[in-house]
Participant: 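Pasting a structure here, questions to come.
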Amino acid sequence: MELTDVIAEAERLGSTVYVATVRPDGRPHCVPIVMRWVDEHVLGFVANPSVKVANLRHQPAIQLHWQVTESTNFDSLIIDGTATLIDTTEGRRALWDRMGYDLAAFEPGGPEADSHVFISVEPERALVLRKYGIEGRDSWSR
């Protein structure tokens, strides 16, 4: 499996992704957000401050899990990676039009507002499970 195959699976499974981060006390934190691939990174646009942003400032390890549904034959994709927070006006401007939806609906202040940041995930490993793994599995790693 190549990274292009991982990207194709992610796009087939949709844009709702469960994002798992680690709190400073070691407890997990998991929330669904909309994510999109931009080049070889997965991007999310999230409120700042938030628990996930605080967790990533402490520990950049992240896991992404695409939603399992009947419409996808119960296939799933799990990615382990390292997150970078893009929290500068310049960084937000560079990504503002790359998410595929109108970010102004969530951040009317535009890329100049500090109340939202981008999470950029560099994938390190990926696992595709076909029908919960019953029909096979594929993996990729850097």
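Heavy-atom basis, side chains included; hydrogens, waters and symmetry copies ignored.
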Participant: Any side-chain heavy atom of H58 sitting closer than 4.5 Å to one from V22?
Facilitator: no
Participant: Can you confirm whether the side chains of E107 and S115 place a donor and an acceptor under 3.5 Å from each other?
Facilitator: yes
Participant: For the backbone of T4 and the side chain of E2, can you confirm whether one donor and one acceptor N or O come within less than 3.5 Å of each other?
Facilitator: no
Participant: Just to verify, what does P60 make a side chain to side chain contact (heavy atoms under 4.5 Å, CB included) with, not counting sequence neighbours?
Facilitator: T82
Participant: So, for G14 and W66, which heavy atoms are closest and what is the spacing to 0.1 Å?
Facilitator: O-NE1, 3.0 Å
Participant: Between CD1 of I7 and CD of E11, what distance do you get to the nearest 0.5 Å?
Facilitator: 7.0 Å
Participant: Do you know which of L85, I33, L56 makes side-chain contact (heavy atoms from CB on, under 4.5 Å) with V46?
Facilitator: I33
Participant: Specify the closest pair of heavy atoms between R36 and S15, including all atoms of both residues, with the distance to one decimal.
Facilitator: NH1-CB, 3.0 Å
Participant: I'd like to know if the side chain of N73 and the backbone of D75 have a donor-acceptor N/O pair within less than 3.5 Å.
Facilitator: no
Participant: Is it possible for you to say whether L3 and V121 belong to one hydrophobic cluster, with membership spreading through side-chain heavy-atom contacts below 4.5 Å?
Facilitator: yes
Participant: Would you say that I119 contacts I62 through its side chain, given a criterion of any heavy-atom pair below 4.5 Å between the two side chains?
Facilitator: yes
Participant: Could you tell me whether R137 atom CZ has more than 12 heavy atoms of other residues or ligands within 6.0 Å of it?
Facilitator: no
Participant: Identify, with sequence neighbours excluded, every residue that meets side chain to side chain contact (heavy atoms under 4.5 Å, CB included) alongside D114.
Facilitator: R92
Participant: More than 12 foreign heavy atoms under 6.0 Å from CD of E112: is that the case here?
Facilitator: yes
Participant: Any side-chain heavy-atom pair from I79 and M35 closer than 4.5 angstrom?
Facilitator: no
Participant: What distance separates M1 CE from L127 CG, expressed to the nearest 0.5 Å?
Facilitator: 9.0 Å
Participant: What is the distance from atom OG1 of T72 to atom NZ of K131, rounded to the nearest 0.5 Å?
Facilitator: 11.0 Å
Participant: So how far is it from S71 OG to L13 CG, rounded to the nearest 0.5 Å?
Facilitator: 8.5 Å
Participant: Assigning hydrophobic clusters by single linkage (Ile, Leu, Val, Met, Phe, Trp, Tyr; side-chain heavy-atom cutoff under 4.5 Å), is W140 placed with W37?
Facilitator: yes
Participant: What distance do R93 atom CZ and T88 atom OG1 have between them, rounded to the nearest 0.5 Å?
Facilitator: 9.5 Å
Participant: So, for V53 and A47, which heavy atoms are closest and what is the spacing to 0.1 Å?
Facilitator: CG2-O, 3.6 Å
Participant: Please report the shortest heavy-atom distance between V68 and S76, naming the atom on each side.
Facilitator: CG2-CB, 3.4 Å
Participant: So F118 and W96, would you call those rings parallel, tilted or perpendicular, with 30° and 60° as cut-offs?
Facilitator: perpendicular
Participant: Just wondering, more than 12 heavy atoms not from E135 lying within 6.0 Å of its CD?
Facilitator: yes
Participant: Check the hydrophobic clustering (I, L, V, M, F, W, Y; side-chain heavy atoms under 4.5 Å; chains of links allowed) and say if V31 and L64 are grouped together.
Facilitator: yes
Participant: Between atom CG of L77 and atom CG of D138, what is the distance when rounded to the nearest 0.5 Å?
Facilitator: 10.5 Å
Participant: Going by an N to O cut-off under 4.0 Å, is there a salt bridge joining R23 and D25?
Facilitator: no
Participant: Would you mind checking if E9 and R12 are paired as a salt bridge, meaning a charged N to carboxylate O distance below 4.0 Å?
Facilitator: yes
Participant: For Y101 versus V34, what's the shortest heavy-atom pair and its separation?
Facilitator: CE2-CG1, 3.9 Å
Participant: Which residues satisfy the ring pair (Phe, Tyr, Trp, His ring centres under 6.0 Å) test with H41, sequence neighbours excluded?
Facilitator: none
Participant: Please lay out, stage by stage, how M99 and L43 fare under the test side-chain contact (heavy atoms from CB on, under 4.5 Å).
Facilitator: CA-CA 8 Å; M99 290 296 291; L43 289 181; 3.7 Å; yes
Participant: Identify the heavy atoms of T21 and K52 that sit nearest to each other, and give their distance.
Facilitator: OG1-CA, 4.1 Å
